[in-house]
Engineer: 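Here it is, the structure in full.
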Amino acid sequence: MIMRGASPAPPGLAAAAAASLRVLQTTPEKRANLTRNIKHVRSGLRALGFEVADTPVPIVTVKGVTDLEQLRDRLAERDIIVRVQPAGGYSDAPDVPTLRLAVFSEHSPAQIDRLLQSMAELL
């Protein structure tokens with residue numbers, strides 16, 4: 001249903017959305033891998049003592065680390081890229097600075113273990 005005054009999605013965006021749905025339909029292992037990876041990251045962070053919310057999105061928010069910028073920079077030295085979000089940056093994020101970890105289906109368990117091990121060593 002198109003509402004009066006609403007603009008349709010640009011053709012490129014509509015085509016990308018349709019293509020992504022085809023990928024999900026033809027490669028169900030991507031969704032299974034993503035679910036596995038999210039559980040792996042969350043359980044590993046909990047083992048390190050972090051409170052991690054169970055949300056339906058593959059972005060894991062970490063709070064409670066005193067110097068997030070230093071942690072981000074030290075992880076970057078190990079070729080691990082994470083994002084530090086200032087307080088109030090996203091509507092679903094807590095109103096404190098957070099480390100936001102984007103989890104993908106293509107991440108290997110070894111890569112996730114490397115992130116968790118590095119965080120354990122740097123904290």
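Values below: all heavy atoms of this structure, side chains included; hydrogens, waters and symmetry mates excluded.
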Engineer: Under the ring pair (Phe, Tyr, Trp, His ring centres under 6.0 Å) definition, can you give me all pairs with a residue in residues 15-36, not counting sequence neighbours?
Structural biologist: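 Sorted pair list comes back empty.
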Engineer: Taking only residues at least two apart or on different chains, which pairs with a member in residues 96-121 satisfy ring pair (Phe, Tyr, Trp, His ring centres under 6.0 Å)?
Structural biologist: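 Every pair satisfying ring pair (Phe, Tyr, Trp, His ring centres under 6.0 Å) with a residue in residues 96-121: Phe104-His107.
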Engineer: Using side-chain heavy atoms (C-beta onward) and a distance below 4.5 Å, is Leu99 in contact with Phe50?
Structural biologist: no
Engineer: Applying salt bridge (charged side-chain N to carboxylate O under 4.0 Å, His left out), name anything that partners Glu77, two or more places apart in sequence or on another chain.
Structural biologist: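 Once residues adjacent in sequence are excluded, Glu77 has no partner under the salt bridge (charged side-chain N to carboxylate O under 4.0 Å, His left out) criterion.
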Engineer: I need the full list of side-chain hydrogen bond (donor to acceptor under 3.5 Å, both in side chains) pairs touching residues 16-28, with sequence neighbours left out, sorted by first then second residue.
Structural biologist: none
Engineer: Any side-chain heavy-atom pair from Leu101 and Leu115 closer than 4.5 angstrom?
Structural biologist: yes
Engineer: Going from CD on Glu51 to CG on Leu45, what distance comes out if it is rounded to the nearest 0.5 angstrom?
Structural biologist: 12.0 Å
Engineer: So, taking the atom named OG1 in Thr61 and the one named CZ in Arg83, what distance separates them when rounded to the nearest 0.5 Å?
Structural biologist: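 Thr61 atom OG1 to Arg83 atom CZ measures 11.0 Å (nearest 0.5 Å).
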Engineer: Under the rule for side-chain hydrogen bond (donor to acceptor under 3.5 Å, both in side chains), what residues qualify as partners of Asn33, not counting sequence neighbours?
Structural biologist: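 With neighbours one apart ignored, the set is Arg36.
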Engineer: What I'd like to find out is whether the side chain of Leu75 reaches to under 4.5 Å of the side chain of Leu71, using heavy atoms alone.
Structural biologist: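 They are in contact (side-chain heavy atoms under 4.5 Å apart), so the answer is yes.
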Engineer: Sequence neighbours excluded, which residues qualify as side-chain contact (heavy atoms from CB on, under 4.5 Å) partners of Thr55?
Structural biologist: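 Partners of Thr55 by the side-chain contact (heavy atoms from CB on, under 4.5 Å) criterion, ordered by chain and then number, come out as Arg42, Ala53, Val57.
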Engineer: What distance separates Thr35 OG1 from Glu29 CD, expressed to the nearest 0.5 Å?
Structural biologist: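 With rounding to 0.5 Å, OG1 (Thr35) is 12.5 Å from CD (Glu29).
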Engineer: To the closest 0.5 Å, what do you measure between CD1 (Ile112) and CG (Asn37)?
Structural biologist: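 The CG atom of Asn37 is 3.5 Å from CD1 of Ile112, to the nearest 0.5 Å.
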Engineer: Mind checking what makes salt bridge (charged side-chain N to carboxylate O under 4.0 Å, His left out) contact with Glu121, not counting sequence neighbours?
Structural biologist: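 Glu121: salt bridge (charged side-chain N to carboxylate O under 4.0 Å, His left out) contacts with Arg78.
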Engineer: Check salt bridge (charged side-chain N to carboxylate O under 4.0 Å, His left out) between Lys39 and all other residues, then give those that pass, not counting sequence neighbours.
Structural biologist: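 Per chain and number, Lys39 pairs via salt bridge (charged side-chain N to carboxylate O under 4.0 Å, His left out) with no residue.
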Engineer: Run the salt bridge (charged side-chain N to carboxylate O under 4.0 Å, His left out) test against Arg46 and tell me which residues pass, sequence neighbours left out.
Structural biologist: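 Salt bridge (charged side-chain N to carboxylate O under 4.0 Å, His left out) check on Arg46 returns Asp54.
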Engineer: Please report the closest heavy-atom contact between Ile80 and Ser118, naming both atoms and the distance.
Structural biologist: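 Looking at all heavy atoms of both residues, the closest pair is CD1-OG, 3.6 Å.
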Engineer: Among the clusters formed by ILVMFWY side chains lying less than 4.5 Å apart, do Ile38 and Leu24 turn up in the same one?
Structural biologist: no
Engineer: Got a sec, which residues hit ring-ring contact (aromatic ring centres under 6.0 Å, His included) with His40, two or more places apart in sequence or on another chain?
Structural biologist: none
Engineer: Measure the CG-CZ distance between Asp67 and Arg74 for me, rounded to the nearest 0.5 Å.
Structural biologist: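 One gets 10.0 Å once the value is rounded to the nearest 0.5 Å.
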Engineer: Mind checking what makes side-chain contact (heavy atoms from CB on, under 4.5 Å) contact with Leu21, not counting sequence neighbours?
Structural biologist: none
